[in-house]
Amino acid sequence: MKRKNGIEREYREMMTQAAPDLWERIESGLEDHAETGGAESSHAETDRKETGRILHLPRRRMYGAAAAVAAVLVILVAAPGFLEMNKTGSSSTARFAAGGAAYDMGATVPETTAAAAEMAAEGGMDGAAAAGGAIAAEMAEDEYGEAATQQYRSGDLPESNEGQNAGSASLSAGQYIETDLKDTRLLCQVTIEKASDSEKADGRPHIRYEARVDDIFYMSEDTDTEAVEKGDSIIIEAAADGTEDLQQDSFMMKEGGVYIVPLTVRDGALEPVFPDEPQIEIKEDGGYLFPDRYVSLQDEETAVMQDGSDEGQGNPDGQVHIRKDERFITDLVGLIKAYTASSGD
Amino acid sequence: MTEQLFTESISQICKNEKEGLRRIYEDYNPMIYSAVWEIVRNREDAEDLTSEFFIRLWNAADTYRSGRGHRAWMLTIARNMALDHLRKRRREEPVEELPEDPQGQKAFDEGVVNAVSLAQALQTLKEDEREIVNLKIMGELTFREIARMLGKPQGTVAWCYRTAIRKLREVRL
């Protein structure tokens, strides 16, 4: 189950509660597939008896019958053996498949079910299936381009699953202060193009970053972040520490700086998962500078920067660490996945 | 429901095992019902169409091809059924019925903005915004799938969704 924010969760609950239980009615309309020849007619009769309402099925049946006849004619010409292979075919089936065909064809909405059935008939079931395969392949091709991104987004373990292991193994160590990583919707490398003051409706000072997405390492199957792609410009809103001079803000990402930022969505805006501390910065030598919070990413080879040093991002709340190995991103992604999994999403 | 479980359920249906349909129904009845309701805006019609959808799924299970994204597949079919129904109803009933609220609530009233319910807040959205919100949240579709289904650019769909969510939040402040 995916995590939903407040409005989404409430919407889902409301719609779920609003949906009536129709199972008995549906079940009463089911007949074994071998007997579906007259099934629909009896469905309509059953529904009328039970509800006293008209389902508009007779007219559909007319369309469906016409479509079925058309489909049969096409099929008879194209494949004489079809009737032997598809004894269960019904007008209902043809129309249902037609809907699928419409989906395969790019969700073109047919004017009527008859037209839809004709679309299926024209393509034939196999044609629809073939089209479906092409669409499926296209859909399987991730929207974000790179194979690595696809791998992360699909939830597969990284090729080297050291990261996953590292994350899983160290959850106990960092679970109290890293746990918010479970809220990560997007982990990307960004270059900060502009940073400016912003004030949200709550009156608290915010910094508005205009950033270019250099790379995407992790993406949840999320509501708001799906449209983000490598090369996009995005807006990141982050709480400021209240310092009057923005340039003195101790957590601020610098213009021109390159950062790895776990992002979440709050109030419809992208915001760092940890807004009240320095973000992970990529130094010119390729090293990753990260704050204390990421305890699981600290290993024996991690260098510790002095508090408030030039390289220490001026972090007043603790030490800053630096790692220069290539596994850093993999470990971080593994950590996010581990916390996400542990949160039950 | 995972794609694998859905495919297994479809296989059960093909063997005349109702449990397969039951599983799909339990997972997706609210999704299908709310999707068709967003189009027909009438409870009785939505119930009829939802029932009909699952009966047709039972009858046509063997036309499903796995790996195509079953939610988008089902929603496309349900949506087309609802649109067909709507077109016919409009032909038969030239005077359009007033839309009905899903929980029988009155239309949104600005006078009670401070205590507005989500159902009322939804009334402030445009039709296409409501449908996108529904497909996104209940259908759990990607913006790309929604864009394909509605025939709109992906960016438009994403923007529309965010705008709608923002509106809902603002109305409910």
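FYI, side chains are in, hydrogens and waters are out, and symmetry mates aren't considered; it's all heavy atoms of this structure. Chain A is the first sequence line, chain B the second, and so forth, proteins listed ahead of strands; every chain is numbered from 1.
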Euclidean distance, [Y] [atom2] relative to [X] [atom1], rounded to 0.5 Å:
| X | Y | atom1 | atom2 | result |
| --- | --- | --- | --- | --- |
| B:N16 | A:L30 | CG | CG | 9.5 Å |
| A:R25 | B:T50 | CZ | OG1 | 8.5 Å |
| B:K167 | A:I7 | NZ | CD1 | 13.5 Å |
| B:Y33 | A:D21 | OH | CG | 12.5 Å |
| A:E27 | B:W58 | CD | CH2 | 9.0 Å |
| B:K18 | A:W23 | NZ | CH2 | 7.5 Å |

Applying a strict 4.5 Å limit to non-hydrogen atoms, the region of B:E38 in contact with chain A is side chain

Under 4.5 Å to a heavy atom of chain A? For B:L75 that would be neither

Chain A shares the most heavy-atom pairs under 4.5 Å, among B:R22, B:R166, B:M138, with B:R22

Heavy atoms, side chains only, cut-off 4.5 Å: are [X] and [Y] in contact?
| X | Y | value |
| --- | --- | --- |
| A:Y11 | B:V133 | yes |
| B:L21 | A:I26 | yes |
| A:M15 | B:I137 | no |

What one should report as the nearest heavy-atom pair of B:P30 and A:A19 is CA-CB, 3.7 Å

